[in-house]
Amino acid sequence: PAIYARHFTVAEMGELVAFYKTPTGAKALRELPKVTAESFAMIAPRMAPFKHEVAASVEAIMQKHGYKK
């Protein structure tokens with residue numbers, strides 16, 4: 001609840017509850033986890049090479065500034 005309270009007002013929470021009681025809201029509750037999973041599955045193969053590229057860049061910067069030998 002505290003996390004929601006930081007991002008939504010009481011009125012907004014009421015609006016969300018009302019939305020999720022609609023047919024579209026109920027469908028969103030069912031389908032959005034699947035959409036998220038499919039999105040991550042599509043993105044995951046791209047993340048490994050990117051992770052290595054970022055790690056190499058960070059290491060080079062650290063060496064340049066004397067933080068790593």
Side-chain angles (χ1 to χ4, degrees):
I3 294 170
Y4 283 89
R6 282 196 297 271
H7 296 274
F8 297 99
T9 66
V10 172
E12 290 169 335
M13 288 302 301
E15 291 170 4
L16 284 171
V17 169
F19 168 71
Y20 287 125
K21 288 181 179 180
T22 69
T24 302
K27 183 175 181 179
L29 286 173
R30 287 191 313 273
E31 299 298 324
L32 284 176
K34 297 173 195 173
V35 170
T36 301
E38 288 179 36
S39 297
F40 281 128
M42 188 171 47
I43 293 169
R46 297 176 170 178
M47 293 307 293
F50 181 69
K51 178 182 170 185
H52 294 297
E53 183 181 325
V54 169
S57 295
V58 169
E59 187 170 335
I61 291 167
M62 290 177 68
Q63 286 177 347
K64 178 181 176 182
H65 293 280
Y67 294 113
K68 191 170 182 177
K69 293 182 181 185

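This is a predicted model, so every value here is computed, not measured.
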K.L.:
Under the salt bridge (Lys or Arg N to Asp or Glu O under 4.0 Å) definition, can you give me all pairs with a residue in residues 4-24, not counting sequence neighbours?
P.N.:
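The answer is none; no pair qualifies.
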K.L.:
Checking E31 now: which residues fulfil salt bridge (Lys or Arg N to Asp or Glu O under 4.0 Å) with it, not counting sequence neighbours?
P.N.:
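So E31 forms a salt bridge (Lys or Arg N to Asp or Glu O under 4.0 Å) with K34.
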K.L.:
In this structure, would Y4 and L32 fall into the same cluster of hydrophobic residues linked by side-chain contacts under 4.5 Å?
P.N.:
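In one cluster with Y4: L32, no.
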K.L.:
Is there a path of hydrophobic side-chain contacts, each under 4.5 Å between heavy atoms of I, L, V, M, F, W or Y residues, that connects V10 with Y20?
P.N.:
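The answer is no; the residues belong to distinct hydrophobic clusters.
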K.L.:
According to side-chain contact (heavy atoms from CB on, under 4.5 Å), who are the partners of T22, at least two apart in sequence or on a separate chain?
P.N.:
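Here the qualifying residues are F19, T24.
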K.L.:
Which pair of heavy atoms, one from P33 and one from A28, lies closest together, and at what distance?
P.N.:
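Minimum heavy-atom separation between P33 and A28: CD-O, 4.1 Å.
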K.L.:
Applying side-chain contact (heavy atoms from CB on, under 4.5 Å), can you list everything that pairs with I61, at least two apart in sequence or on another chain?
P.N.:
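For I61 the side-chain contact (heavy atoms from CB on, under 4.5 Å) partners, ignoring immediate neighbours, are H65.
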K.L.:
Run the side-chain contact (heavy atoms from CB on, under 4.5 Å) test against T36 and tell me which residues pass, sequence neighbours left out.
P.N.:
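Applying side-chain contact (heavy atoms from CB on, under 4.5 Å) to T36 gives F40.
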K.L.:
I'd like to know if I3 and L16 are part of one continuous hydrophobic network [Ile/Leu/Val/Met/Phe/Trp/Tyr, side-chain heavy atoms within less than 4.5 Å].
P.N.:
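No; tracing contacts between hydrophobic side chains, which count when under 4.5 Å, never links both residues.
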K.L.:
Identify, with sequence neighbours excluded, every residue that meets side-chain contact (heavy atoms from CB on, under 4.5 Å) alongside R46.
P.N.:
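Here no residue qualifies.
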K.L.:
Are M42 and M47 connected, step by step, through hydrophobic side chains (Ile, Leu, Val, Met, Phe, Trp, Tyr) whose heavy atoms are closer than 4.5 Å?
P.N.:
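Shared cluster, no.
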